[in-house]
2 protein chains.
Amino acid sequence: MKMSGGVEWALHCAFALTAADHPVSAARLAEMHDVSASYLAKQLQAMSRAGLVRSTQGNLGGYELTRPPSRITVLDVVEAVDGPTPAFLCTDVRARGPLAASPEACRTPCAIHRAMTAADEAWRASLRSVTIADLAAQVTGEHGRGVLDGVRNWFNAAP
Amino acid sequence: MKMSGGVEWALHCAFALTAADHPVSAARLAEMHDVSASYLAKQLQAMSRAGLVRSTQGNLGGYELTRPPSRITVLDVVEAVDGPTPAFLCTDVRARGPLAASPEACRTPCAIHRAMTAADEAWRASLRSVTIADLAAQVTGEHGRGVLDGVRNWFNAAP
DNA sequence: GAGACCATACTCGGATAGGTCGTGTCCGAGTGGGGGGGG
DNA sequence: CCCCCCCCACTCGGACACGACCTATCCGAGTATGGTCTC
């Protein structure tokens with residue numbers, strides 16, 4: 001079980017866009033984080049498809065958040081990039097083989113399926129309880145406001 | 001993010017072994033669940049390596065639980081088969097690029113890393129709170145004791 | 001001087017190869033049981 | 001009749017291909033900007 005590495009990039013971009021006051025291109029975000037621009041574009045497209053960021057084309061175009069960061073949860077970003085499908089897929093093993101359970105007994109999810117689903121929901125709830133604004137608040141609380149100001153200034157500086 | 005499909009098989013096997021009173025071969029478990037015997041063997045070997053089951057070779061050999069099912073959690077099985085590595089791997093993006101954070105500022109995990117770790121821990125805690133005995137109790141509570149008895153009888157029956 | 005037009009350079013978006021890990025399979029090493037022989 | 005020995009069939013364990021998904025990349029479609037020409 002391995003999560004897509006692009007999730008980390010997407011979260012960092014969401015955090016950085018918190019400090020931006022105008023659209024930022026994918027190339028600039030990639031340069032800032034020193035990652036592959038082409039691949040980062042893929043993650044940003046996924047976020048755009050999910051409605052987390054708005055993309056504007058043309059010169060001075062780029063990505064910007066569509067909602068205030070306090071209304072974007074970490075789970076939103078994770079599901080946008082990594083997909084909303086739960087990690088565990090029940091294949092209804094109990095309905096197969098010589099000791100297969102009767103079809104009507106399989107109306108309710110099996111105990112294993114329930115346990116995995118509950119864990120998945122706990123994971124999602126934890127990610128849902130943290131917003132991008134919370135991340136920004138934690139960073140400023142630990143390292144000062146200069147971090148976000150530095151990002152904003154770097155965005156405003158000419159390439 | 002997709003979990004190994006073998007986890008489901010391993011959990012069903014752990015549940016089935018609850019009803020066994022003597023070692024059960026991998027081939028028999030595979031026949032019972034109608035899955036690939038060769039591949040199921042791989043999962044059972046992983047559980048053996050993790051110390052969840054004991055394997056005995058030779059005739060009438062097979063696998064049996066090493067501990068009472070009340071002391072085997074679902075998390076134990078998941079980690080044995082799928083690996084104990086957390087799904088999220090922090091690559092310390094903040095320490096790269098033109099706005100890289102100072103090395104001493106990176107002594108503590110970044111906010112993103114903490115959020116993902118907390119979610120992972122919540123997931124693990126949920127899986128840790130359910131034991132194989134709990135699963136068996138749920139099944140007997142819903143479908144009667146006949147299920148486990150049927151499994152035991154099928155194990156005792158000649159191939 | 002003001003307005004409209006156009007060329008341009010920049011942006012995103014999806015379609016396209018390569019690498020890595022999960023999936024599935026196979027065969028060899030090891031071992032306990034059962035039958036046969038001997039006492 | 002009981003004990004010992006040997007053969008065997010059955011077991012696990014690790015090593016070996018195949019395939020799917022993630023990773024990484026490229027080129028084409030579209031658009032706002034800035035300059036230029038005309039009125």
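Convention: sequence-line order gives letters A, B, ...; per-chain numbering from 1. Since the model is a prediction, treat every value here as computed from it, not as a measurement.
Applying the salt bridge (Lys or Arg N to Asp or Glu O under 4.0 Å) criterion to A:Glu64, with sequence neighbours excluded, gives no partner residue. Scanning for side chain to side chain contact (heavy atoms under 4.5 Å, CB included) contacts around B:Ser70 gives B:Pro68, B:Ala133, with sequence neighbours left out. Every residue two or more places apart in sequence or in another chain that forms a salt bridge (Lys or Arg N to Asp or Glu O under 4.0 Å) with B:Arg128 is listed here: B:Glu121. Partners of B:His113 by ring pair (Phe, Tyr, Trp, His ring centres under 6.0 Å), not counting sequence neighbours: none found. Every salt bridge (Lys or Arg N to Asp or Glu O under 4.0 Å) that B:Arg94 has, sequence neighbours left out, goes to B:Asp92.
On the nucleic acid side, DNA chain C contacts chain B at distances under 4.0 Å to non-hydrogen atoms, with the end points of that region at C:dT23 to C:dG33.
Connectivity analysis of hydrophobic side chains (ILVMFWY, heavy atoms under 4.5 Å, direct or indirect) links A:Leu89 to nothing; its cluster partners are none.
Residues from residues 15-26 of chain B placing a heavy atom under 4.0 Å of any atom in DNA chain D, listed by number, are B:Ser25, B:Ala26. At a non-hydrogen distance threshold of 4.0 Å, nothing from residues 83-90 of chain B comes into contact with DNA chain C. Of the residues in residues 38-51 of chain A, those lying under 4.0 Å from DNA chain D by heavy-atom distance are A:Ser38, A:Tyr39, A:Lys42.
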Residues 139-149 of chain B side chain polar contacts: donor-acceptor under 3.5 Å, at least two apart:
unit_1   : atom_1 : unit_2   : atom_2 : d
B:Thr140 : OG1    : B:Ala136 : O      : 3.1
B:Thr140 : OG1    : B:Ala137 : O      : 2.9
B:Glu142 : OE2    : A:Arg114 : NH1    : 3.4
B:Glu142 : OE2    : A:Arg114 : NH2    : 2.7
B:Asp149 : OD1    : B:Arg152 : NH2    : 3.2

Please tabulate, for the side chains in residues 95-107 of chain A, all donor-acceptor contacts under 3.5 angstrom to protein atoms that are two or more places apart in sequence or on a different chain.
unit_1   : atom_1 : unit_2   : atom_2 : d
A:Arg96  : NH2    : B:Asp34  : O      : 2.8
A:Ser102 : OG     : A:Ala105 : N      : 3.4

